[in-house]
Structures are given as structure tokens and as C-alpha cells.
Number of protein chains: 2
Amino acid sequence: MTPNLTQAEENYIKNIYHLQQASGSVTTNDLAAILQTKPASVTDMLKKLKTKKLLQYEPYKEFCLTLYGRKTALMIIRKHRLWEYFLVHTLRFEWDEVHEVAEQLEHVESKKLVEKLDAFLDFPRFDPHGDPIPDSNGKMSIQHEVNLINLPFNKQAEVTSVRSQSTELLELLKHKNINIGTKLEVKKKFDFDNSIEVKMKNLSPVTISEQLAKALFVRVVAS
Amino acid sequence: MTPNLTQAEENYIKNIYHLQQASGSVTTNDLAAILQTKPASVTDMLKKLKTKKLLQYEPYKEFCLTLYGRKTALMIIRKHRLWEYFLVHTLRFEWDEVHEVAEQLEHVESKKLVEKLDAFLDFPRFDPHGDPIPDSNGKMSIQHEVNLINLPFNKQAEVTSVRSQSTELLELLKHKNINIGTKLEVKKKFDFDNSIEVKMKNLSPVTISEQLAKALFVRVVAS
DNA sequence: TGATTTTTTTAGATTTGCCTAAAATTTATT
DNA sequence: AATAAATTTTAGGCAAATCTAAAAAAATCA
Ligand SMILES: [Mn+2]
Ligand SMILES: [Mn+2]
Ligand SMILES: [Mn+2]
Ligand SMILES: [Mn+2]
């Protein structure tokens with residue numbers, strides 16, 4: 001009945017985890033920026049997370065999640081990404097519309113619900129943005145991702161994820177017929193504007209700007 | 001981002017609506033009992049709901065939802081029942097397991113989610129307990145329900161809902177092969193213990209105790 | 001190294017939703 | 001009608017999560 005963690009606590013844990021992954025360490029200011037709150041509020045919560053054994057924290061020192069904190073984070077991320085997969089594949093949302101709703105659904109507390117949802121979706125390993133979905137033990141598949149800008153010529157690769165989930169990006173990808181899962185290879189690179197030309201089976205070559213290439217990640221499929 | 005109503009406010013609105021439907025009027029004490037809180041807390045919230053134009057309220061007078069309050073209640077009930085239907089029909093929960101989870105899911109705020117879920121489920125009109133699901137305008141199908149104890153002899157009827165969603169009831173109904181949707185007719189009534197004997201097609205007659213009959217509601221299908 | 005800037009924490013308030021105890025009001029009973 | 005009982009509201013407080021302003025510590029720079 002009374003939840004183990006409040007939504008606020010869960011949001012802090014999840015974002016500490018993400019920032020830790022992305023930049024190795026987290027600061028009070030980073031967290032305040034991401035959670036759209038003030039540094040003073042962050043400090044208050046860090047103290048609370050410490051008393052709940054989720055965080056290692058001493059005033060003015062670097063802080064990081066405990067093992068228990070990391071496991072907790074992975075379970076929240078698991079729910080977030082499973083719901084995103086559900087929204088796109090089952091309810092037919094576009095993948096730029098699902099994040100906000102998943103931010104709410106990830107806080108629904110029911111072990112059974114998560115496991116049944118996972119089974120119904122047939123245990124998906126990646127969410128609609130290409131991010132890996134932790135399994136019920138917190139393990140996730142590793143993606144051998146390369147930024148499209150670094151993909152060598154003539155290597156068959158598959159689009160696995162995008163940085164940024166903006167509507168503008170989605171619009172552009174739709175226009176160019178590129179999706180998560182699309183197979184392509186790089187045919188030309190132009191030094192003038194760092195644009196590249198990619199080829200998808202049965203389609204004519206498509207030009208990709210530097211900005212777009214930097215937003216796309218691919219996995220090499222065959223040499 | 002900031003929700004229109006808090007979860008606490010939504011729970012009050014929904015329960016005021018249900019009590020109003022069930023007994024014509026609501027009291028501070030009733031609400032406190034159902035929401036597992038104290039009468040003083042209820043009074044606090046009633047004042048808040050008044051300022052939000054959801055409730056007509058004057059100290060010591062009877063109170064009732066405004067039109068806006070009733071519409072709000074119906075949208076919460078719509079979500080609750082749609083999610084219950086989803087949990088049973090899509091994720092294969094038993095119908096005695098879904099209420100708690102639906103209590104959480106009903107507070108997820110996304111008009112689009114509700115409409116997409118409704119469409120995915122093919123616009124169900126009754127939830128797994130036989131209760132009608134309001135449509136997007138708040139309209140719901142009326143059930144012409146009769147308590148099984150009052151069903152005349154030899155009238156073909158269909159089980160439409162149950163009062164109580166306990167595991168114990170579910171176990172008994174499973175044993176007797178009775179479900180929402182099961183067709184039956186009453187063959188005998190015994191004055192000694194008010195038990196009745198019902199007949200389902202292709203099955204031998206089954207005895208139903210007074211307690212069980214009072215928990216089952218049916219709709220007459222044919223004369 | 002000493003001064004300045006940036007980051008982080010503390011101090012003190014505020015809002016929401018809840019509590020207990022006591023007062024006010026309504027309803028029921030003699 | 002007067003008293004007793006039940007219901008409902010007020011008064012005053014508490015915990016969670018936030019805020020602003022100010023103090024403390026750390027990092028940077030001259
Ligand atoms: Mn997301
Ligand atoms: Mn995602
Ligand atoms: Mn329910
Ligand atoms: Mn129900």
C-alpha cells in the first residue's frame with residue numbers, strides 16, 4: 001500500500017544513475033538542472049537518499065549510488081523502457097510522443113505487472129529509441145554502437161538508436177525513410193560540410209548532414 | 001507537466017461520486033471510512049475541492065459534486081475500468097488481482113493514452129467485474145441487472161457482475177464453473193436456507209447458497 | 001598565496017495532505 | 001424543551017518536497 005519509494009525519490013535515483021553513466025560523476029548542480037529544481041532542494045534529497053541506504057553521500061564530497069541504489073535505478077529504467085515499447089508497438093504511438101507518458105507509468109508499483117507486460121511484449125531487448133531494456137535481474141544487452149559519422153565505407157549497419165527524440169528529428173527521418181532497424185551503408189563522405197551519402201537496399205542514395213549523422217547510432221551487421 | 005488534479009484530489013472526487021451513486025448522499029464520515037483517513041482531513045479536502053469548483057460545499061450542509069466534478073469523476077472511472085479490462089484481457093491477470101494496480105494506473109494523465117488504449121481494446125463496454133465503462137463523453141451503457149436471488153424461474157440470464165472481488169469468491173465461482181458472461185436459469189428455490197439451484201447448458205444443476213446468490217447479478221437474456 | 005568566483009550546504013518559509021484534541025453544530029432521546 | 005449523543009468543523013502541528021537568501025567550502029585565478 002505505502003510505496004517503498006516516493007516518485008520524487010525514484011526520479012532522483014534514476015537521474016543520478018543516468019548522469020553517472022553519461023559523465024562518470026554527478027554534481028548537485030547537474031541534478032538540479034535536469035530535475036528542474038534548485039541545488040538546495042537536491043541537497044535535501046541527497047541526505048534523505050543517504051538515510052535510505054540508496055546513496056553514498058558526505059557533505060561537499062562526491063556522491064554515488066550504492067549497489068542497492070543502482071539496482072533500484074535499473075528497475076525503474078526497465079519499467080520506463082518497457083512502457084515505451086508498449087506505447088509504440090502495441091498502442092501505435094510515434095516514438096517522439098512516448099517519453100512523457102512513460103515518465104508517469106514507470107512509477108506504477110507492481111512486480112507482477114512488469115513481468116506480465118514484459119512477457120506480453122515478448123521480452124523486447126531494446127526500446128523504441130534503441131536503448132537497452134534491463135531484464136528482471138537488471139542485466140541488459142550491450143549494443144556495439146558506432147556513431148554514423150564514424151561508420152567506415154561499405155559496412156552493412158543497422159540503425160539502433162538516436163540521440164534526441166525531438167519531433168523535428170522524427171520528421172526528417174520519416175522523410176528520408178530511416179527508422180530504428182533500417183539497414184544502410186556509407187558510400188561517400190564530403191569534407192566540405194562533413195555530409196555523407198548512405199545507401200539503403202532498393203533505394204537511391206540519400207544525403208545525411210553532419211548534424212543528422214551525429215544524432216544517429218548504428219551497429220555493424222556484416223563486413 | 002503539473003497535473004490538473006493531485007492523486008489525493010482524484011481519489012476524493014471518485015469516491016464522492018461512487019457514494020453519491022450508491023446511497024444518494026455522502027457524509028464526511030463515510031468518506032473518511034472509505035479513504036482510510038480522519039473526518040478532519042476530509043473537511044480540509046472538501047474546502048479545497050470547493051475552491052476548485054469541483055464540489056458544492058457549505059459547512060455543516062450536505063455537499064455534492066458540481067457538473068464539472070461529476071464529469072471529472074467519470075473520466076477517472078473510465079480510466080480505472082479500461083485498465084482493469086486491459087489487465088485481464090490483454091495481460092491475463094485474474095479479475096480479483098487488478099483493482100489495486102488500476103488504482104494506480106487511473107492517475108496516469110494522458111488523454112491520448114486513454115483513447116488509444118480504448119481503441120486497442122476495441123471499445124469494451126463493461127469491465128471484468130461487469131461494471132460499465134464510461135465512453136469518452138462520460139456516457140455508459142445501462143445494465144438491466146437483477147440480483148440472482150430475485151431472478152424468476154426458467155428465465156435465461158447472463159452473469160453480468162459480482163459484488164465483492166475477493167479471492168474467496170473467485171475460487172468458489174471457478175469451482176462452480178461460473179464466470180462473467182455465463183448463461184444460466186434458476187430451477188429451484190429452497191426456503192430452508194434460501195439456497196437456489198441453477199442450470200447451465202450441458203451441465204448438471206448447481207447449488208448456489210444465499211450468500212453467493214446475493215453476490216451475483218445477472219441480466220435477463222430471453223424469457 | 002591571497003582574492004575572487006563557483007559550488008554546495010544550511011537556515012528559515014511555504015504548500016499539500018495528513019494528524020489529534022477540542023469546539024461547534026446538528027440529531028436523537030428522554 | 002432540555003439533555004445527551006453523534007457528526008462535523010476548527011485550531012494547532014507534523015512530514016515531505018519544494019523555495020529564497022545567506023553562509024560555508026572548494027575551485028580558480030591573478
Ligand atoms: Mn524515455
Ligand atoms: Mn527511451
Ligand atoms: Mn476496481
Ligand atoms: Mn471494476
Side-chain angles (χ1 to χ4, degrees), chain A residues 1-16 19-20 22-65 69 72 76 103-104 106-107 109, chain B residues 1-16 19-20 22-65 69 72 76 103-104 106-107 109:
Chain A
M1 201 90 5
T2 312
N4 192 13
L5 296 175
T6 65
Q7 293 203 187
E9 288 164 348
E10 290 195 343
N11 284 331
Y12 272 87
I13 298 285
K14 188 183 65 166
N15 283 291
I16 292 170
L19 287 172
Q20 217 166 260
S23 41
S25 71
V26 205
T27 68
T28 306
N29 271 353
D30 289 349
L31 264 178
I34 282 221
L35 292 165
Q36 312 217 71
T37 183
K38 306 290 157 174
S41 307
V42 172
T43 301
D44 286 346
M45 182 59 91
L46 296 181
K47 286 191 231 162
K48 186 143 75 99
L49 295 179
K50 182 190 177 167
T51 71
K52 294 208 175 187
K53 313 264 184 206
L54 289 154
L55 190 73
Q56 283 186 283
Y57 170 78
E58 292 304 328
Y60 295 108
K61 297 242 171 77
E62 270 203 2
F63 52 88
C64 66
L65 292 174
T72 304
I76 302 163
E103 285 290 309
Q104 297 180 64
E106 75 188 4
H107 301 295
E109 189 174 277
Chain B
M1 201 87 7
T2 314
N4 192 15
L5 297 175
T6 65
Q7 294 203 187
E9 287 165 348
E10 290 195 343
N11 284 331
Y12 273 88
I13 299 285
K14 188 184 65 166
N15 283 291
I16 293 170
L19 288 172
Q20 217 165 258
S23 42
S25 71
V26 205
T27 69
T28 306
N29 270 352
D30 288 349
L31 263 178
I34 281 220
L35 292 164
Q36 312 216 72
T37 183
K38 305 291 154 172
S41 307
V42 172
T43 302
D44 286 345
M45 183 59 91
L46 295 181
K47 286 193 233 162
K48 186 143 76 99
L49 295 178
K50 183 191 176 167
T51 71
K52 294 207 174 187
K53 315 265 186 205
L54 289 153
L55 190 74
Q56 284 188 283
Y57 170 78
E58 292 304 327
Y60 295 108
K61 296 242 171 78
E62 270 201 0
F63 53 87
C64 65
L65 292 173
T72 303
I76 302 163
E103 285 290 309
Q104 297 181 64
E106 74 188 4
H107 302 295
E109 189 174 276

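Here the structure is a predicted model, which means the values were calculated and not measured. Below, chain A is the first sequence line, B the second, and so on; all start at residue 1.
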Go through [options] for me and flag the one nearest to the [X] side chain.
X       : options                : value
B/Tyr57 : D/dC19, C/dC18, D/dT9  : D/dT9
B/Lys38 : C/dT20, C/dC18, D/dT8  : C/dT20
A/Ala40 : C/dT20, C/dT26, C/dT10 : C/dT10
B/Thr28 : D/dT8, D/dA16, D/dC19  : D/dT8
B/Pro39 : D/dT18, D/dT10, D/dT9  : D/dT9

Check whether any side-chain N or O of A/Thr6 sits under 4.0 Å from OP1 or OP2 of D/dA16, and answer yes or no.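 No, A/Thr6 has no side-chain N/O under 4.0 Å of OP1/OP2 on D/dA16.
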
Phosphate contact (C/dT6 OP1 or OP2) by A/Asn29 side-chain N/O below 4.0 Å: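 So the side-chain polar atoms of A/Asn29 never come under 4.0 Å of the phosphate oxygens OP1 or OP2 of C/dT6.
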
Can you measure from NE2 (A/His107) to OG1 (A/Thr6) and round to the nearest 0.5 angstrom?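 Answer for the NE2-OG1 pair, A/His107 versus A/Thr6, is 9.0 Å.
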
Reported CE-to-CD1 distance for the pair A/Met45 and A/Ile13, which is rounded to 0.5 angstrom: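 It comes to 8.5 Å.
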
For atom NZ of B/Lys52, decide whether the heavy atoms of other residues, nucleotides or ligands shown that lie under 6.0 angstrom number more than 12.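 Correct, the count exceeds 12.
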
With a 4.0 Å cut-off on heavy atoms, is [X] in touch with a base, just the backbone sugar-phosphate, or nothing at all?
X       : result
A/Lys47 : sugar-phosphate
A/Ser41 : base
B/Tyr12 : sugar-phosphate
A/Thr43 : base

Okay, side chain of B/Asp30, backbone of B/Val26: is any donor-acceptor separation there less than 3.5 Å?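 Absent.
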
Is a side-chain N or O of B/Gln20 found less than 3.5 angstrom from the main chain of B/Cys64, in a donor-acceptor match?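 Checked: no pair found.
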
Value in whole Å for how far the [atom2] atom of [N] lies from [atom1] of [X]:
X       : N      : atom1 : atom2 : result
B/Glu62 : C/dT26 : CD    : P     : 13 Å
A/Leu55 : C/dT8  : CG    : C1'   : 15 Å
B/Leu46 : D/dT10 : CG    : P     : 11 Å
B/Glu9  : C/dC18 : CD    : C1'   : 14 Å
A/Gln7  : C/dT16 : CD    : C1'   : 15 Å
A/Asp44 : D/dC19 : CG    : P     : 10 Å
B/Lys50 : D/dT9  : NZ    : C1'   : 14 Å
B/Glu10 : C/dT16 : CD    : P     : 16 Å

For A/Pro59 and A/Ala8, take the nucleotide of DNA chain D holding the closest heavy atom to each; which residue's nucleotide lies nearer the 5' end?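 Of the two residues, A/Ala8 wins.
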
